[in-house]
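So the structure is just underneath, and the comments pick up after that.
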Amino acid sequence: MDIEAIAQERRPRSLAQGLSSLRTCLVKCKDKAVDLGRSIKKLGQDDPRRVIHSLKVGLALTLVSLIYYVRPFYDSYGISGMWAVLTVTVVFEFTVGATLSKGLNRGFATFSAGALGVGAQHLACLFGEEGEPIVLGVLVFLLAGAATFTRFFPRIKARYDYGILIFILTFSMVTVSGYRVEKLLELAHQRLSTIIIGGATCIIVSIFLCPVWAGEDLHKLTILHLEKLAIFLEGFGSEYFQSVNEDKPVISTEEKTFLLGYKSILTSKNMEESLANFARWEPRHGRFQFHHPWKQYLKIGALVRQCAYRIEALNGYLNSDLQAPPTFKKRIQEPCLKITSESSKALTMLASAIKLMTDPSLASLHLHNSEIAVDDLKILLKTTSLEDTELLSIVPAATVASILIQVVKCVEEIYQAVNELSDLANFKSAVKPKVSPEKPQAQLLIHLGVVKPVVNIGGNKGDVVVTVLDDKIPENENNSRANYPDQPL
């Protein structure tokens, strides 16, 4: 009886524990489903073109599948029609350039390998049944080895690696298939025709339905990187010298996202090379010609990364425990702020020049101003005399000043590269303003003067104030007119 009572008591407990575990499992599944939905939503919101690309792939597969189920097509190609579906699945990529690259590589590789395979099979048949496998084995060895070796050439690997793989695969399949030459010709024709149908479907849908151009993405990526460098330099000066001007604590860089945007530049090399490679396959679109100098974007990207590495070093001194004396930081504050400000403006104008595809020469003035600030900073560093006991304390600030000088050199190199891009791509000339950007106050100068009238007008006596509008003024009169506006003309 005691055993039965204990068993009856355990049953409700075990049932309750089971229900509790089931409830916990359902809650976890619900949370995972919610997290998955949020991640899918965020992925689509980050780049809506991903959703469009998915729909385009589904449309291409549907079109090819419908063709496959057409009776005349099936009667002509039979099971080989599945190669069209396989081609769409493999060839269709996110950008037009990538799709063209894979589609053309696959088409030409299949055609050339099929032709060579048929020729090799015909040649091997001349040696009889005993010599045929030997000849085919030698040909497969030679062609496969030579084709594989060409994949080690950087240019060939970058543009034709996929085509070489398809060439090796197709040639090997054709030569060792065991079909007679007549049957082999029919098989090669069916494979090539279905691959052309699948590849053409991918290319047509990719180009004419919401196209995503690799060249345009590379163009925008270069602009974005220049803007990120400009944003950091614009905010670095005020952040680094904040302790000199204010008593407020320095805010952590983790809380200032605009100071961390440059980090994505450090790992952008592979993406830039991939986009530049695919952009070469693309036809003329928008403002980009067929022979647009995409390699120049890679040169600009390399220089931008060099600048980003120096900025990475600057970022380490924002919240460093080693801080220079306020007197020394205040001494170098003005030229350093001038360097960061002018360099930021130069990078912003370079980004704008690439975006609008105009001549970047307007940025040269800001580069000149930053060079003047660099000379002033070097003079300050040379004329600063400190005791040996204070030398270690100024090392961080002196290092920051030295890195800023290197940043200016990087910006100059970026300017030269963008100027080369402007010449190669025939950027249109920018409209130069009449007033120099370094003197915005001189856009419209008002000369005030008091003169004695020759003839009294309307019987009024006294002085007449004459206002003269001019956009230029001699340098020798610049200070006198500003300080003594009432001086007679």
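All residue numbers in this chain count up from 1 along the given sequence.
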Give the table of side-chain donor-acceptor pairs shorter than 3.5 Å for residues 162-174, with sequence neighbours excluded, one pair per line with atom names and distance.
residue : atom : partner : partner atom : Å
Y162    : OH   : R106    : NH1          : 2.9
T170    : OG1  : I166    : O            : 2.8
S172    : OG   : I168    : O            : 2.8

Which pairs would a plain distance check flag for residues 216-225, meaning a side-chain donor or acceptor within less than 3.5 Å of a matching protein atom at least two apart in sequence or in another chain?
residue : atom : partner : partner atom : Å
E216    : OE2  : K220    : NZ           : 3.3
D217    : OD1  : R49     : NH1          : 3.0
D217    : OD2  : R49     : NH1          : 3.4
H219    : ND1  : Y297    : OH           : 2.8
H219    : NE2  : I354    : O            : 2.8
T222    : OG1  : L218    : O            : 3.0
H225    : ND1  : E272    : OE2          : 3.4

Step through the shown structure and confirm whether more than 12 heavy atoms of other residues, nucleotides or ligands are within 6.0 Å of CZ on R284. no
Can you sort out the partners of Y160 under ring-ring contact (aromatic ring centres under 6.0 Å, His included), two or more places apart, ordered by chain and number? W281
Scan for ring pair (Phe, Tyr, Trp, His ring centres under 6.0 Å) pairs involving residues 42-67, sequence neighbours excluded, and state none if there are none. H53-F92, H53-F94
How would you list, by chain and number, every residue that makes a ring-ring contact (aromatic ring centres under 6.0 Å, His included) with W83, sequence neighbours excluded? none
What are the two closest heavy atoms between G199 and T87, and how far apart are they? N-CG2, 3.6 Å
Indicate yes or no for a side-chain donor-acceptor contact from S274 to the backbone of N270 under 3.5 Å, with no hydrogens or angles considered. no
Whether the side chain of S268 engages the backbone of I265 through a donor-acceptor N/O pair (distance < 3.5 Å, no angle test) should be reported. yes
Test of understanding: with ring-ring contact (aromatic ring centres under 6.0 Å, His included), list the residues that count as partners of F149, not counting sequence neighbours. F153
By side chain to side chain donor-acceptor pair (under 3.5 Å) - contacts of D35 (at least two apart): none
Quick one: salt bridge (charged side-chain N to carboxylate O under 4.0 Å, His left out) partners of K269, sequence neighbours excluded? none
Whether the S264 and K228 side chains hold a donor-acceptor pair (N or O, under 3.5 Å, no angle test) is what I'd like checked. yes
So, the side chain of Q296 versus the backbone of L424: is there a donor-acceptor pair under 3.5 Å, distance only? no
With side chains defined as the heavy atoms from C-beta onward, is the minimum distance between F232 and T340 less than 4.5 Å? no
Under the salt bridge (charged side-chain N to carboxylate O under 4.0 Å, His left out) rule, collect the residues that match up with E334, sequence neighbours excluded. none
For the pair K263 (side chain) and E312 (backbone), establish whether a donor and an acceptor sit closer than 3.5 Å, ignoring hydrogens and angles. no
Which atom pairs, donor and acceptor, lie under 3.5 Å between side-chain atoms of residues 400-413 and protein residues at least two apart or in another chain?
residue : atom : partner : partner atom : Å
Q406    : OE1  : R310    : NE           : 3.4

According to salt bridge (charged side-chain N to carboxylate O under 4.0 Å, His left out), who are the partners of K338, at least two apart in sequence or on a separate chain? E342
The criterion is salt bridge (charged side-chain N to carboxylate O under 4.0 Å, His left out); which residues satisfy it with E93, sequence neighbours excluded? K102
Ignoring hydrogens and geometry, is there a side-chain-to-backbone donor-acceptor pair from S344 to S341 under 3.5 Å? no
C336 side chain reached by I332 side chain, heavy atoms, under 4.5 Å: yes
Answer yes or no: is there a side-chain heavy-atom contact under 4.5 Å between S422 and T358? no
Considering only NZ, NE, NH1 and NH2 on the basic side and carboxylate oxygens on the acidic side, decide whether K345 and E234 come within less than 4.0 Å. no
